[in-house]
Amino acid sequence: MILDPVLPLPLLVPLILLLAAAAGWLCRKACRSLPGKARFACILLYAAAVLAIGALLLNPGRYEKKLVSNMPVWLIASDTSASMTSPSTPDAASTSRSSLAAGLLKKLAAYQTPERDLRWFGIGHTASRKDDAAALAAAKPDADASMLASSIDQQLHALQRQGRTVAGILLLSDGRDSRPDDARQLSIKAAGQNTPIHTVALGSNWEAPDIALSSSRTLVQAYKGTPITLTASVRNSGMGDRQLGIVLLDASGKQVERKIVDVANGKTADVAFSLESPENSSDYTIACEPVAGETRKDNNSAAVTVRAITSKIRVFMAEGSPYWDSKFLAQFLRKQEAFEVKSVHRLSQDRFYQINSGDDTSEPSPDAGIPTSTAEFLRYDIVILGKGMEHLFTPEIAEALQSYVRDHGGLLIFARGKSYGGSMPAMEPLEPFAWQHTIGGEHHLTPTPTGASEGLFGHVLPAPKDAVWKTLPGLEDVWDVDSISPDTRILATTDDGQTPLLTIRRVGMGAVACLNGEGLWKWDFYPEARRDGNIYADFWKQFLPWIQTAAEFRPGFDLSLHAERNPIETGDALRCTMSWRGIGTPGNVELQITPLSGQSSPQTVAARHEGEKNGLHRWTASLVPDKPGDYLLKAILPDQPEIPCPEIRIRVNPLPGELDNLNADREWMARLSESTGGTMLTPDSPAAAWDTVFAMPQDTQSEEEEYRPAWNCWWVLLSIGAALGLAWWIRRRHGLL
C-alpha cells in the first residue's frame, strides 16, 4: 500500500488535523444534551467518519501492471518534392522517380489488411497524410523542399504519445533531404523504439540540362583613364557542345557588346568584356541568350556594378641603381590619369633627382626625398622599389616600410627582383622568398594556372597557354630562390616552371608583389614585341589594379570595408569589418545597405567601435538580409562626408532549392536504414523481402502501470455512511434533529 495524496503532505496533514479538531468541537456542541453513553457513542462515530475521510485525502492505493494489446502501425512515406520529377537513370528519357514510386505504392496496397494499420504520407515541407495508397500515388511531386527526416520524426513522436507500436517505416525517396543532418535525431529515436526504417532509393546521378552564368567580381572599381574588364564564367551542364551568345547590357537594357563563346558539354568557359573607364558609376548585366531545353532560367545572368573612382592612386617609386625598366615604368605611370607619381632616382653618392606627375624634367638635388617614417609612407597607396635600396634605405626606413605594409595595409612592389645588394634583415619579412643567386640567360615569363584562376591572365592579358608568351623578350638577371614563403602565390614562372617570376603575398594588412627579373621594358620598345598590341602597357594596366584586391585598403581610401563571407544565404548573419588608417579618428562609422533590385529603401546600421590595434581603429557591423538578391554595402563617415568611402557588393542567394542538385543521395538512404536495423530495397526486390518488411511483430502487447486507489471500494464508502447514519439514529432517538 502506498499513498498518493491529493495535496502535498505539508499542506494536507495540517488540513486533516484542523478538520478533525473542528469536527470534534461541533460534535461536542451538538451532542451536549445527550446522556453520557449516547453522547460518547455519537462523538466516537463522528470521529471515525472524519478520520476515514482524512485518510481518503491521503489517497492510499497501489500500482498494478496490465497488458494492453495494440494493432501495429506501419508508416509508408513517399517523397513528393520537385526533385522526384527527375529521370530515374542518367538517360533523360527514362521513367521519372515519382512514377517508380507510384507503381510501387500500388503493389504495397495489398499489404493493407484488418490486422495491419498502414498509414500513408506524402512528404514535402511536412508530412501530409493520405487516405490510401492510391491517393498517395496520385499526389503531385511539386513541393519545393523535402524535409524527410524531420517529417517522419514528427509522425513517430505523435504515435508514441498515443501509445501505438510502430512496427516499421518505409521511405520511398531520392534522398534529397533539405536538412540531411536531421537524420541523426530520427535514427536515435527509431533505434530506441526498435522501429526499423526501410528505404527505397529512387534515381541516380542526374545533372539537369542547364546553362549557368556567374561573375566572381560583382563590383569593379574604375579609375580615370584606366580600362576595366567585366568577366563571367559560363557552365554547360548536359546541353551538349554549344556556341553561346553572351551579351553585355547597360543599365537601360541596351546591348553594349556581344560575344560568341564555345562551351563544351560539362565544361566551363570564361568571357570578358573590356570597357574604357566610365566617367560615372553604372550598373551592367552579363547575360546568356536563351537556349532551348534548359531546366532553369533564373541563373542565366549576372549583375555587375562599376564604380567610378575620382581619387587618384598615389605611387612612390625609388631607384638606387637606375635602369631602363625604371625609366619606362615611371614614364608609363606618369602618363596614366589615375596615378599620381613621385619617383626618386639616385645618380651618385650625393646626387638624386625627383620627377613627379606633370613634370617633364627635374634638376639634380642632394636630397633623396625618401619617406623616413610610417606616417610618411602612408601618404602613398603603392610603393615601387627597383634596385640599390642599400644606398637609399636605412634599417629604420626599412622598419617603417614594414609597418606601412603589415600594419596599415600598404602595397609594395619589387619591380626588379631583389631590391638591395648584400643583406638587409629589416626587408626580409616583406620578401616572398629567400634569395639564392642570379641565374644567367633570358627567361620567358610563363603564366601559371594560379595566375589564370586569380583573374590576372586570360582576359585582357593572354591566357597561360597563348603562344605570345614565348615570342616576347625574356627577363634577365633572374634570381634563383632558396625557399618560398607558404603564403606566396606564384602567378608566373620561368619556361621550365622551376623559378617564380611573378608572385604576390599577403603580409598582415597589406600585400607585396614581386617581378623577379628585369627587361620587361623591351616589351614596349622592340617592334616584334608589339605586333600583337602593347602588352607592356596591358600588363601594368591589369597588374596594378589587380594587386589592390589583395590588401586591406584600396588605393585612395583610408577606410576599408570587408564582408566576412560573400555570397551568403538568405537569413544568414553577415559580419562586416571596417578599419581606419588615416590621421586622427573619424568618429562615428555607419554601414549603409542598399538593395539593387526592387523598390526597397537603403537602410543604415551603426558600426560598433572595436578599439585600436597596431595604430588602426576598427569597427564591426552585422546585418541579416531577409530577401535574396544583390546588395550594395557602403561604409559612411557621417561627420566627415568629404572623405572617400569604400563600397562592396554582396550576393544573397536563396536557400538551397530542390532543383539545385538532382543527384540521388543513395548513401544518405543507406545510412538511415543501417542505423535503425532496416533494409535498403529496390522497386524490383522480391516479394519475400516485402513480406519481411510487413511481417507481424511477435508481441504487439505493451505493459502499462495503473494506479488503483483504495477509496473506490464499496465497503469503505459503506462504512463511512454507516457511521454517520448510526450517529444520526442515536440523536434522533433522543429527540434531536
Side-chain angles (χ1 to χ4, degrees), residues 82-97 174 176 203-218 220 228-250 253-275 283-304 447 449-468 567 628-630 651 653-654 656-664:
S83 64
M84 293 290 286
T85 60
S86 304
S88 56
T89 69
D91 182 5
S94 65
T95 305
S96 69
R97 302 168 187 177
D174 56 9
R176 300 303 320 165
S204 59
N205 289 348
W206 167 252
E207 193 169 24
D210 182 45
I211 299 294
L213 185 145
S214 61
S215 177
S216 59
R217 294 183 65 198
T218 57
V220 177
I228 60 173
T229 303
L230 309 182
T231 61
S233 297
V234 187
R235 171 73 179 173
N236 180 353
S237 303
M239 296 293 291
D241 294 350
R242 291 266 182 170
Q243 278 194 338
L244 301 175
I246 311 298
V247 295
L248 176 66
L249 308 174
D250 62 15
K254 182 180 177 181
Q255 180 174 309
V256 178
E257 189 177 355
R258 181 178 186 268
K259 289 190 175 184
I260 298 297
V261 180
D262 292 319
V263 190
N265 186 42
K267 300 295 183 180
T268 299
D270 295 329
V271 60
F273 296 94
S274 297
L275 297 175
D283 293 323
Y284 293 87
T285 300
I286 305 175
C288 177
E289 294 177 343
V291 179
E294 273 194 285
T295 56
R296 299 179 62 179
K297 303 291 185 182
D298 60 340
N299 58 355
N300 287 0
S301 64
V304 180
T450 299
S453 64
E454 295 281 351
L456 180 58
F457 301 102
H459 300 300
V460 175
L461 294 174
K465 295 183 179 180
D466 198 303
V468 70
D630 292 318
R651 166 64 61 87
N653 293 324
E658 280 293 305
L659 301 180
D660 289 340
N661 185 349
L662 296 176
N663 291 333

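Values below: every heavy atom of this structure, side chains too, minus hydrogens, waters and symmetry copies.
- Counting all heavy atoms, side chain and backbone alike, F457 lies closest to P462 at CB-O, 3.6 Å.
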For this session: Before giving the answer on side-chain hydrogen bond (donor to acceptor under 3.5 Å, both in side chains), spell out for D250 and Q255 the whole-Å C-alpha distance, their side-chain angles and the decisive distance to 0.1 Å.
Result: CA-CA 7 Å; D250 62 15; Q255 180 174 309; over 6 Å; no
For this session: Run the numbers on R258 and I260 for side-chain contact (heavy atoms from CB on, under 4.5 Å), then give the verdict.
Result: CA-CA 7 Å; R258 181 178 186 268; I260 298 297; 3.3 Å; yes
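- Distance alone, capped at 3.5 Å, places no donor-acceptor pair between the T89 side chain and the S94 backbone.
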For this session: Give the C-alpha distance, both sets of side-chain angles, the deciding distance and a yes or no for side-chain contact (heavy atoms from CB on, under 4.5 Å) between L249 and Y284.
Result: CA-CA 6 Å; L249 308 174; Y284 293 87; over 6 Å; no
For this session: Test side-chain contact (heavy atoms from CB on, under 4.5 Å) on L213 and I211 and set out the steps.
Result: CA-CA 7 Å; L213 185 145; I211 299 294; 5.8 Å; no
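- Minimum heavy-atom separation, A287 to S301: CB-CB, 3.9 Å.
- Contacts of K267 classified as salt bridge (Lys or Arg N to Asp or Glu O under 4.0 Å), with partners at least two apart in sequence or in another chain: none.
- For the residue pair S233 and D270, a side-chain donor N or O sits within less than 3.5 Å of a side-chain acceptor on the partner.
- The salt bridge (Lys or Arg N to Asp or Glu O under 4.0 Å) check on E257 picks up nothing, with sequence neighbours excluded.
- Side-chain contact check for L662 versus S86: some heavy-atom pair is nearer than 4.5 Å.
- The two residues F273 and I286 have their closest heavy-atom pair at CE1-CG2, 3.9 Å.
- Side chain of R97 to main chain of S204: a donor-acceptor pair is present (N/O by atom type, distance under 3.5 Å, no hydrogens or angles).
- A side-chain donor-acceptor contact under 3.5 Å links N236 to the backbone of V263.
- The two residues N205 and A664 have their closest heavy-atom pair at OD1-O, 4.3 Å.
- At least one side-chain heavy atom of I246 sits less than 4.5 Å from a side-chain heavy atom of C288.
- In this structure, L275 and L248 have side chains that are in contact, with non-hydrogen atoms separated by less than 4.5 Å.
- Looking at V220 and L230, their side chains come closer than 4.5 Å, going by heavy atoms from C-beta outward.
- Side chain of N265 to main chain of G240: a donor-acceptor pair is present (N/O by atom type, distance under 3.5 Å, no hydrogens or angles).
- In terms of modelled atom types and a separation under 3.5 Å, the side chain of R235 and the main chain of G266 share a donor-acceptor contact.
- Atoms CG and OG1, on N300 and T285 in that order, are 12.5 Å from each other to the nearest 0.5 Å.
- Between the side chain of R242 and the backbone N or O of M239 there is at least one donor-acceptor pair closer than 3.5 Å.
- Shown here is K297, whose NZ atom has more than 12 heavy atoms of other residues, nucleotides or ligands within 6.0 Å.
- D630 meets the salt bridge (Lys or Arg N to Asp or Glu O under 4.0 Å) test with R649, R651; sequence neighbours excluded.
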For this session: Starting from the C-alpha separation in whole Å, work towards a yes-or-no answer on side-chain contact (heavy atoms from CB on, under 4.5 Å) for T231 and V304.
Result: CA-CA 9 Å; T231 61; V304 180; over 6 Å; no
